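Take a look at the structure below.
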Number of protein chains: 2
Amino acid sequence: MEALKQRILKDGKYLGNGILKVDNFINHQVDAGLMDACGLEFARLFADTGATRILTAEISGIAPALMAARHLNLPVVYARKSKPVTMPDTVYLTVAPSHTKGRMVELIVSPEYLARGERVIIIDDFLASGATILGLVRLAQAAGSEVVGIGTLIEKTFEGGRAALSGLGVPVHALAMIAAMDENGIRFAE
Amino acid sequence: MEALKQRILKDGKYLGNGILKVDNFINHQVDAGLMDACGLEFARLFADTGATRILTAEISGIAPALMAARHLNLPVVYARKSKPVTMPDTVYLTVAPSHTKGRMVELIVSPEYLARGERVIIIDDFLASGATILGLVRLAQAAGSEVVGIGTLIEKTFEGGRAALSGLGVPVHALAMIAAMDENGIRFAE
């Protein structure tokens with residue numbers, strides 16, 4: 001998606017160690033108009049999936065998932081990283097390594113909002129190793145839901161996430177695919 | 001706002017101890033269409049403030065703040081509760097008590113995205129005691145920004161938050177004001 005790529009080139013910052021800082025428009029300050037355009041693009045890409053629900057992970061997945069949900073007219077559920085007092089005692093919980101936190105984090109969904117037979121699109125900000133998204137896949141499967149599509153704003157193709165997801169046999173879409181990045185710049189995959 | 005009130009009556013659950021569970025449409029599963037309508041209403045209420053930025057707190061403030069930002073065509077910044085590796089070493093940080101976590105949480109904003117002279121609208125899901133919102137006010141003031149409005153989806157008028165904010169002299173809008181709630185139901189303020 002051209003608008004997202006241009007914004008990455010303009011405001012993305014390579015911090016070393018494979019980390020791309022996009023705090024200017026996705027991860028701390030959020031460009032609502034750009035996220036809405038990305039949501040519209042996800043809606044177009046996943047229009048034929050028959051999805052009944054969108055699943056994402058707090059915090060950074062919320063903006064693109066919410067906008068995709070708006071355009072697809074679906075509810076969105078975000079996996080929590082800690083269990084609030086409002087959640088029932090028994091939940092679906094998995095753990096996944098966090099790239100930016102350097103430790104394992106929990107992903108928790110209440111059975112109230114992820115039921116058997118749902119058709120789920122998973123949306124997140126980054127596809128890197130695929131570890132967080134595979135965690136969301138495990139939650140969906142634990143609930144007896146079927147994952148029917150996976151979408152991320154940005155993919156770092158050199159971290160192998162797409163291969164890790166290939167066994168699922170579902171469409172995987174990234175709106176900007178980064179093939180390489182270093183101090184000199186960012187190169188997108190075709 | 002009638003649509004939000006009706007949804008609270010339909011899907012809100014009183015859990016005791018002053019806690020209203022709205023996980024069905026705000027705090028875990030999110031109704032994107034309803035949040036968008038709430039964002040539009042905030043945009044109408046704050047149209048004349050001359051705001052340049054919206055500030056909220058992760059996680060639950062993100063959906064309404066993002067939708068308000070979309071309709072006002074402003075950037076939104078969400079205060080983080082932990083400092084990610086992408087954030088600079090020196091930040092604005094304050095602490096505020098969390099109602100649902102029963103402990104103090106940190107609220108952190110990078111100086112990159114909250115500058116001197118900004119006119120800030122604060123948006124969050126709940127106005128209860130006002131403690132979280134006052135934390136966001138302190139962050140804005142630390143940055144040399146001016147708070148020009150405060151909006152929340154739901155206010156629990158019996159917890160005194162509005163009085164706590166009155167000294168700021170800015171408009172405070174809640175889209176649904178709950179005057180009382182118990183096992184028998186919810187009563188809205190007029």
Side-chain angles (χ1 to χ4, degrees), chain A residues 13 15-17 19-36 39 53-56 58-88 91 98-102 108-110 112-114, chain B residues 13 15-17 19-36 39 53-56 58-88 91 98-102 108-110 112-114:
Chain A
K13 284 196 174 61
L15 297 185
N17 292 317
I19 293 176
L20 176 67
K21 173 173 171 169
V22 288
D23 285 8
N24 180 280
F25 54 106
I26 298 175
N27 289 153
H28 184 21
Q29 177 170 263
V30 186
D31 182 329
L34 179 64
M35 289 302 106
D36 193 45
R53 190 163 298 250
I54 293 175
L55 178 64
T56 188
E58 71 177 34
I59 302 157
S60 298
I62 293 177
L66 187 71
M67 291 308 192
R70 180 173 101 77
H71 289 287
L72 286 163
N73 199 24
L74 296 177
V76 56
V77 175
Y78 53 90
R80 309 293 310 253
K81 289 178 181 163
S82 63
K83 186 175 164 306
V85 295
T86 52
M87 210 178 258
V91 297
S98 166
H99 203 66
T100 43
K101 293 194 175 168
I108 305 168
V109 169
S110 168
E112 298 163 291
Y113 310 118
L114 198 57
Chain B
K13 283 194 176 59
L15 298 185
N17 291 319
I19 294 177
L20 176 67
K21 173 174 172 170
V22 288
D23 285 8
N24 180 281
F25 54 106
I26 298 175
N27 289 151
H28 184 21
Q29 177 171 262
V30 186
D31 182 328
L34 179 63
M35 289 303 106
D36 193 46
R53 189 162 299 249
I54 292 175
L55 178 65
T56 187
E58 72 178 31
I59 302 157
S60 299
I62 294 177
L66 187 70
M67 293 307 191
R70 180 173 102 78
H71 288 288
L72 287 163
N73 198 25
L74 296 177
V76 57
V77 175
Y78 52 91
R80 308 294 309 253
K81 288 178 181 164
S82 61
K83 186 176 164 305
V85 294
T86 52
M87 210 178 256
V91 297
S98 166
H99 203 65
T100 43
K101 294 194 175 167
I108 305 169
V109 170
S110 167
E112 298 164 290
Y113 309 118
L114 197 58

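Lettering of chains follows the sequences in order, A, B, ..., and the numbering in each one begins at 1. All values reported here derive from a predicted model rather than from experimental measurement.
Taking 4.5 Å as the limit, some side-chain heavy atom of A:R70 sits within range of a side-chain heavy atom of B:R70. Here the side chains of A:K13 and B:T86 are not in contact, with every heavy-atom distance at 4.5 Å or above.
The backbone N or O of A:S110 sits less than 3.5 Å from a side-chain atom of B:H28, completing a donor-acceptor pair.
Using a 4.5 Å cut-off between heavy atoms, B:V109 contacts chain A through both its backbone and its side chain. In this structure, chain A has no heavy atom under 4.5 Å from any part of B:N17. Only the backbone of A:I108 comes within contact range of chain B, judged by heavy atoms closer than 4.5 Å. Heavy-atom distances place no part of B:D31 under 4.5 Å from chain A, backbone and side chain included. Neither the backbone nor the side chain of B:T56 comes within contact range of chain A, judged by heavy atoms closer than 4.5 Å.
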Practice prompt. Evaluate the criterion side-chain contact (heavy atoms from CB on, under 4.5 Å) for residue pair B:V85 and A:L15; output intermediate values, then yes/no.
Written response: CA-CA 9 Å; B:V85 294; A:L15 297 185; 5.7 Å; no
Worksheet entry | side-chain contact (heavy atoms from CB on, under 4.5 Å) between B:E58 and A:I62, worked out | CA-CA 10 Å; B:E58 72 178 31; A:I62 293 177; over 6 Å; no
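Between B:N27 and A:Y78, the shortest heavy-atom distance links the atoms O-OH, 2.9 Å. The two residues B:A32 and A:L66 have their closest heavy-atom pair at CB-O, 3.5 Å.
Counting heavy-atom neighbours within 6.0 Å of A:K83 NZ, excluding the residue itself, gives a total above 12.
A:Q29 contributes atom CD, which lies 11.5 Å from atom CD1 of B:I54 (distance to the nearest 0.5 angstrom).
A salt bridge is defined here as a Lys NZ or Arg NE, NH1 or NH2 lying under 4.0 Å from an Asp or Glu carboxylate O, and A:K21 with B:E112 meets this definition.
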